[in-house]
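One structure is given here, and the rest of the page talks about it.
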Amino acid sequence: MPELPEVEVTRRALADALVGCAVEGAQVRTAALRYPLPRDLAPRLRGAHLAGIARRGKYLLFDFGDDRRLLAHLGMSGRLRLVPPGTPPQKHDHVDIDFGPWRLRYTDPRRFGALLWVDGPPEAHPLLAPLGLEPLGTGFDAVAMGLTLRGRRSAIKPAIMDARRVVGIGNIYACEALHRAGIAPSWPAGELDAARIAALVDAIRATLNEAIAAGGSTLRDYAQPDGTLGRFALRHRVYDRAGAPCPVCGTAIAHFRQLGRSTYYCPRCQR
DNA sequence: CTGGTCACCTGGAAGC
DNA sequence: TGCTTCCAGGTGACCA
């Protein structure tokens, strides 16, 4: 499900509803997702006020003060929803955290997601420390992108999906941003000239910002915390559009498998 | 460092 | 209708 735009839309909605609210209780019903789930949520969180929610790449960091931070990742099928207190859990509803007006519910059929306590400074956490450029952050520009791509022999699409270089870009937005930049997915990452790197940086930022403004991309199970569906999938230029016309030139969108992932591109616009 | 494969897990869609 | 196969928004381990 979720790439950076979906995670950011989730973050904003949860922050609007929950920051400042106190935790009244919590239930953990499942032993493990990708990692074992914390079993002491209720005793550690009861009475704590949510101070803020930060995002790093596709991770969300819930700050409950007093060095109590929860790190969440939605994997492929994870969702964080706001439901009315007392809403009974259904299949795949693994964790609830009860705030006064809302119950925050973590649902994840495939269980590739994660929920972990972070001890110590978040930037030193083993899952966060290796992460690369934040594409909506101030340090994301053509110079930084050029440095991280320099000498890369891999193709550009897997390079921008590699969280050690740039965070938050998954399969959908990699395809979309490369189309917007006019770059073929198989082009060697280290052989882009400065102008094309600058175009790629602009395309990534613009694509992610437009997707956030549209509430993310709903393909199957993603929805915003209040259930609203994301509208960006309607605006996908290439993703999941094999054979359909390129919105720029009308050429049929091509599809191939690149490192195990479905890749969509316009053979005419992208070189 | 590379690409390639597989694994984690469930469910939906497509094919027969 | 029912069974089988393939595919999916992520990540990381392993191998040649």
Side-chain angles (χ1 to χ4, degrees), chain A residues 1-11 29-37 55-60 71-80 90-94 106-116 125-132 135 148-178 185-191 204 207-208 211-212 214-224 229-243 255-264:
Chain A
M1 155 180 88
E3 304 183 30
L4 188 152
E6 292 75 34
V7 176
E8 177 62 17
V9 167
T10 297
R11 186 194 72 76
R29 302 183 192 85
T30 304
L33 303 176
R34 171 176 284 278
Y35 309 107
L37 283 167
R55 180 187 57 74
R56 178 77 171 101
K58 297 171 188 165
Y59 290 94
L60 288 176
L71 185 63
H73 193 291
L74 300 177
M76 286 280 262
S77 58
R79 285 184 60 189
L80 283 164
Q90 308 209 307
K91 198 177 181 184
H92 307 309
D93 290 345
H94 306 298
Y106 185 99
T107 304
D108 189 355
R110 293 179 72 179
R111 303 206 299 273
F112 291 166
L115 190 66
L116 299 166
H125 190 277
L127 291 174
L128 301 180
L131 297 180
T148 200
L149 295 180
R150 189 167 67 184
R152 283 264 106 188
R153 302 175 60 135
S154 75
I156 186 61
K157 181 180 175 239
I160 61 173
M161 291 176 67
D162 181 349
R164 294 167 303 179
R165 310 194 178 283
V166 189
V167 296
I169 304 171
N171 204 35
I172 294 176
Y173 296 106
C175 292
E176 293 297 306
L178 287 170
S186 297
W187 193 273
E191 292 177 23
I204 289 171
T207 301
L208 297 178
I212 290 168
S217 296
T218 294
L219 297 185
R220 11 183 100 70
D221 44 11
Y222 168 75
Q224 297 175 41
L229 301 182
R231 303 178 307 279
F232 194 70
L234 301 171
R235 306 230 300 266
H236 288 176
R237 301 172 179 214
V238 291
Y239 184 80
D240 204 23
R241 296 191 63 243
H255 173 243
F256 73 110
R257 194 154 287 274
Q258 190 175 23
L259 270 58
R261 311 301 299 276
S262 259
T263 298
Y264 302 87

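Throughout, a chain's letter reflects where its sequence line sits, starting with A, and its residues are numbered from 1.
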P-based separation of C:dG10 from B:dC1 [nearest Å]: 23 Å
Rounded distance (Å) that lies between atom C1' of C:dA8 and atom CZ of A:R111: 17 Å
On the nucleotide C:dG10, are OP1 or OP2 found under 4.0 Å from the side-chain N or O atoms that A:R261 carries? yes
Under a 4.5 Å cut-off applied to non-hydrogen side-chain atoms, are A:L127 and A:Y35 in contact? yes
A:M76 CE - B:dG12 C1' separation (whole Å): 13 Å
Any side-chain heavy-atom pair of A:M161 and A:N171 under 4.5 Å: yes
Report yes if some heavy atom in the side chain of A:L4 is under 4.5 Å from a heavy atom in the side chain of A:P135; otherwise report no. yes
Please list every donor-acceptor pair under 3.5 Å in which a side-chain atom of residues 229-240 of chain A meets a protein atom from a residue at least two apart or in another chain.
from, atom 1, to, atom 2, distance (Å)
A:R231, NH2, A:A213, O, 3.3
A:H236, NE2, A:S217, OG, 2.9

Could you tell me the separation between the CG atom of A:L219 and the C1' atom of C:dC7, rounded to a whole number of Å? 12 Å
Whole angstroms only, please: what is the CG-P distance between A:L131 and C:dG10? 14 Å
Rounded distance (Å) that lies between atom C1' of B:dT10 and atom CG of A:D221: 10 Å
Both A:R152 and A:G260 contact DNA chain B. Taking the nearest nucleotide for each, which residue is further toward the 5' end? A:R152
Does a side-chain N or O from A:S154 land closer than 4.0 Å to OP1 or OP2 of B:dC1, or not? no
So which one's nearest nucleotide on DNA chain C is more toward 5', A:R110 or A:A163? A:R110
CZ of A:R165 versus P of B:dT2: gap in Å, rounded? 7 Å
Please determine if a side-chain N or O atom of A:H73 lies less than 4.0 Å away from the OP1 or OP2 oxygen of C:dT11. yes
State, with a plain yes or no, whether a side-chain heavy atom of A:Y106 is found less than 4.5 Å away from one of A:L37. no
Stem regions touching DNA chain C, defined by at least 3 consecutive Watson-Crick or wobble G-U pairs below 3.5 angstrom: B:2-8 with C:10-16, B:10-16 with C:2-8
Can you measure A:L71 atom CG to C:dT11 atom P for me and round it to whole angstrom units? 12 Å
Compare all side-chain heavy atoms of A:L60 with those of A:L80 and state whether any distance is below 4.5 angstrom. yes
When the P atoms of B:dC6 and C:dT5 are compared, how many Å lie between them, rounded to an integer? 16 Å
Has A:R29 got more than 12 heavy atoms of other residues, nucleotides or ligands less than 6.0 Å from its CZ? yes
Stacked pair A:F112-B:dC9, distance under 5.5 Å, angle under 30°: no
What is the separation between atom CG on A:D108 and atom C1' on B:dC9, rounded to the nearest whole Å? 9 Å
Look at the side-chain N and O atoms of A:K58 and state whether any lies under 4.0 Å from the OP1 or OP2 oxygen of C:dT11. yes
Measuring only the P atom in each nucleotide, how far is B:dC9 from C:dG2? A whole number of Å is fine. 28 Å
Need one value for A:F232: base, sugar-phosphate or nothing, where a base atom within 4.0 Å counts as base even if backbone is also close, heavy atoms only. nothing
side-chain contact (heavy atoms from CB on, under 4.5 Å), that's the test. Do A:L128 and A:Y59 meet it? Break it down for me. CA-CA 8 Å; A:L128 301 180; A:Y59 290 94; 3.8 Å; yes
Would you say A:H92 reaches B:dG11's phosphate, i.e. side-chain N/O to OP1/OP2 under 4.0 Å? yes
Side chain of A:Y239, heavy atoms from C-beta onward: which of B:dC8, C:dA8, B:dG11 has the nearest atom to it? C:dA8
